[in-house]
Every structure is written in structure tokens, then in C-alpha cells.
*Asks:* 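One structure, pasted below without further comment.
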Amino acid sequence: QVQLVQSGGGLVQAGGSLRLSCAASGRTFVGYAMGWFRQAPGKEREFVAAISWIAGNTDYADSVKGRFTISRDNAKNTLYLQMNNLTPEDTAVYYCAASGPMTTVVLTTAKYEYDYWGQGTQVTVSS
């Protein structure tokens with residue numbers, strides 16, 4: 001089983017930047033889709049960004065396109081989310097995720113395709 005440990009996050013003013021990290025242990029990520037989701041208070045967890053572990057193909061939610069960049073370091077088994085030009089609407093708990101062994105796609109925005117989740121990290125953007 002895959003374990004995901006997140007770091008980063010914190011408090012930043014609007015217009016600022018943060019980088020989130022997600023270190024993986026356990027099974028390798030060969031063939032996995034990786035992604036970032038976020039959940040604001042009182043709202044459902046929503047898709048932010050995804051990447052195919054092997055090829056590095058990416059997909060983004062419309063709300064973060066041009067501002068966020070998802071990347072991975074295969075040698076370090078680490079996933080990143082670079083967040084620039086943050087706004088208060090980005091305030092949420094951010095979760096990294098990896099797709100499960102039964103998933104046949106390598107890049108997906110669907111929450112149900114992800115079986116492994118990080119512990120979450122708070123990102124708060126003040127105005």
C-alpha cells in the first residue's frame with residue numbers, strides 16, 4: 001500500500017506563492033495517476049491538478065490554470081504543487097492523492113479513481 005506524507009502550506013497574503021510537497025513510500029508509482037485536491041469548509045473535495053507519473057502529462061481545474069503547476073520528481077518519489085498568485089478563494093485543506101491498483105487510466109480528474117491520500121495541509125490566503 002502507498003503512503004503519502006505532505007508538507008508545505010501555511011498562511012500567505014493574496015498574490016503570494018506556496019509550494020506543497022507530497023512524499024510517497026510503499027509501492028512505487030509506476031502506472032499511477034497522481035493529483036491534488038482541495039476542500040474548503042462546508043464544501044466537497046474538488047479536483048485541482050493531476051499528472052501521469054510516468055509521462056508527466058498534466059491536467060488542471062479551470063480555476064487554477066495559469067497559476068498552479070503540478071510536477072513530480074520520480075527519483076525522489078515526490079509530488080509537488082506550485083501555487084502562484086494565490087487568492088482567498090484558494091483557501092482550503094489540500095490533499096495529494098494517488099490512483100489505486102484497479103484504475104486503468106494514468107491521468108484522471110475523478111476523485112473516485114484515487115485510493116491513496118495524504119493527510120492534508122492547510123493553505124490560508126488572506127486578503
Side-chain angles (χ1 to χ4, degrees):
Q1 187 173 358
V2 175
Q3 291 184 293
L4 306 175
V5 179
Q6 298 179 224
S7 61
L11 176 65
V12 65
Q13 291 185 333
S17 299
L18 286 172
R19 189 181 75 164
L20 306 181
S21 298
C22 176
S25 62
R27 286 184 54 85
T28 68
F29 285 92
V30 176
Y32 282 114
M34 299 286 290
W36 291 94
F37 292 76
R38 66 187 182 187
Q39 188 167 19
K43 295 184 178 181
E44 295 290 323
R45 192 170 301 184
E46 67 177 5
F47 168 76
V48 175
I51 190 168
S52 57
W53 188 255
I54 297 176
N57 300 315
T58 59
D59 199 3
Y60 296 92
D62 289 341
S63 60
V64 306
K65 285 182 179 178
R67 299 189 298 120
F68 290 11
T69 302
I70 187 172
S71 62
R72 85 280 193 247
D73 187 328
N74 301 67
K76 295 181 179 179
N77 286 329
T78 301
L79 181 73
Y80 303 98
L81 184 67
Q82 179 66 45
M83 304 182 292
N84 298 325
N85 195 24
L86 286 161
T87 74
E89 287 70 39
D90 296 315
T91 295
V93 176
Y94 284 70
Y95 298 88
C96 64
S99 62
M102 302 303 295
T103 301
T104 59
V105 298
V106 296
L107 182 68
T108 180
T109 66
K111 183 167 58 178
Y112 64 81
E113 296 280 13
Y114 293 90
D115 284 349
Y116 307 109
W117 295 86
Q119 80 276 16
T121 184
Q122 178 70 47
V123 172
T124 302
V125 184
S126 64
S127 58

*Asks:* Measuring from atom CG of D90 to atom CG of L18, what distance do you get when rounded to the nearest 0.5 angstrom?
*Replies:* 10.0 Å
*Asks:* Is it true that a side-chain atom of R72 and a backbone atom of I54 form a donor plus acceptor pair closer than 3.5 Å?
*Replies:*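 Flag set: sc R72 to bb I54 pair under 3.5 Å.
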*Asks:* Suppose we screen for side-chain contact (heavy atoms from CB on, under 4.5 Å). Which residues come up paired with N85, at least two apart in sequence or across chains?
*Replies:*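 Counting only residues at least two positions away or on another chain, N85 forms a side-chain contact (heavy atoms from CB on, under 4.5 Å) with R67.
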*Asks:* Show me the pairs that pass disulfide bond (SG atoms under 2.5 Å apart) and involve residues 94-127, at least two apart or across chains.
*Replies:* C22-C96
*Asks:* Please tell me whether V64 and V12 are part of a single hydrophobic cluster in this structure, the criterion being side-chain heavy atoms less than 4.5 Å apart.
*Replies:* yes
*Asks:* Is any side-chain heavy atom of Q122 less than 4.5 Å from a side-chain heavy atom of T91?
*Replies:*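 Side-chain contact under 4.5 Å: yes.
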*Asks:* Can you pull out every disulfide bond (SG atoms under 2.5 Å apart) where at least one residue sits in residues 39-75? Sequence neighbours excluded, please.
*Replies:*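 For residues 39-75: none.
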*Asks:* Which is it for L4 and L79 under the side-chain contact (heavy atoms from CB on, under 4.5 Å) test, yes or no, and what are the steps along the way?
*Replies:* CA-CA 9 Å; L4 306 175; L79 181 73; over 6 Å; no
*Asks:* Give me each pair satisfying disulfide bond (SG atoms under 2.5 Å apart) with a member in residues 32-81, each pair once, sequence neighbours excluded.
*Replies:* none
*Asks:* If you compare all heavy atoms of G9 against all heavy atoms of L20, which two are closest, and at what distance to 0.1 Å?
*Replies:*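 Looking at all heavy atoms of both residues, the closest pair is N-CD2, 3.1 Å.
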*Asks:* Hydrophobic clusters here meaning ILVMFWY residues chained together by side-chain heavy-atom distances under 4.5 Å, can you tell me if V123 and F47 are in one?
*Replies:* no
*Asks:* Is a donor on one side and an acceptor on the other found under 3.5 Å between the side chain of S52 and the backbone of V106?
*Replies:*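 No, because the side chain of S52 does not come within donor-acceptor range (under 3.5 Å) of the backbone of V106.
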*Asks:* Could you walk me through whether L86 and Q13 pass the side-chain contact (heavy atoms from CB on, under 4.5 Å) test, one step at a time?
*Replies:* CA-CA 8 Å; L86 286 161; Q13 291 185 333; over 6 Å; no
*Asks:* To the nearest 0.5 Å, how far apart are CE in M34 and OG1 in T78?
*Replies:* 9.0 Å
*Asks:* Less than 4.5 Å apart, any side-chain heavy atom of K76 and any of S21?
*Replies:* no
*Asks:* Quick one: CD1 on I51 to CH2 on W36, what's the gap to the nearest 0.5 Å?
*Replies:*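 So the CD1 of I51 and the CH2 of W36 are separated by 11.5 Å.
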*Asks:* Can you check whether V125 reaches M83 side chain to side chain, under 4.5 Å on heavy atoms?
*Replies:* no
*Asks:* So, T69 side chain and Q82 main chain: donor-acceptor pair closer than 3.5 Å or not?
*Replies:* no
*Asks:* What's the separation between atom CD in E46 and atom CD in Q39, rounded to the nearest 0.5 Å?
*Replies:*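 Those atoms lie 9.5 Å apart.
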*Asks:* Measure across T121 and G8 and return the closest heavy-atom pair with its distance rounded to 0.1 Å.
*Replies:*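 Scanning both residues, the minimum pair turns out to be OG1-O, 2.9 Å.
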*Asks:* Do any N or O atoms from the side chain of N77 and from the backbone of S25 form a donor-acceptor pair under 3.5 angstrom?
*Replies:*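 The answer is no, because no donor-acceptor pair under 3.5 Å joins these two groups.
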*Asks:* Could you list all the ring pair (Phe, Tyr, Trp, His ring centres under 6.0 Å) pairs where at least one residue sits in residues 60-114, not counting sequence neighbours?
*Replies:*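 Residue pairs passing ring pair (Phe, Tyr, Trp, His ring centres under 6.0 Å), neighbours aside: F37-Y114.
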*Asks:* Restricting to non-hydrogen atoms, name the atom on P88 and the atom on A14 that form the minimum distance, rounded to 0.1 Å.
*Replies:*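 P88 and A14 have their closest heavy atoms at CD-CB, 4.2 Å.
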*Asks:* Tell me, which pairs form a disulfide bond (SG atoms under 2.5 Å apart) where one or both residues lie in residues 45-74, sequence neighbours left out?
*Replies:* none
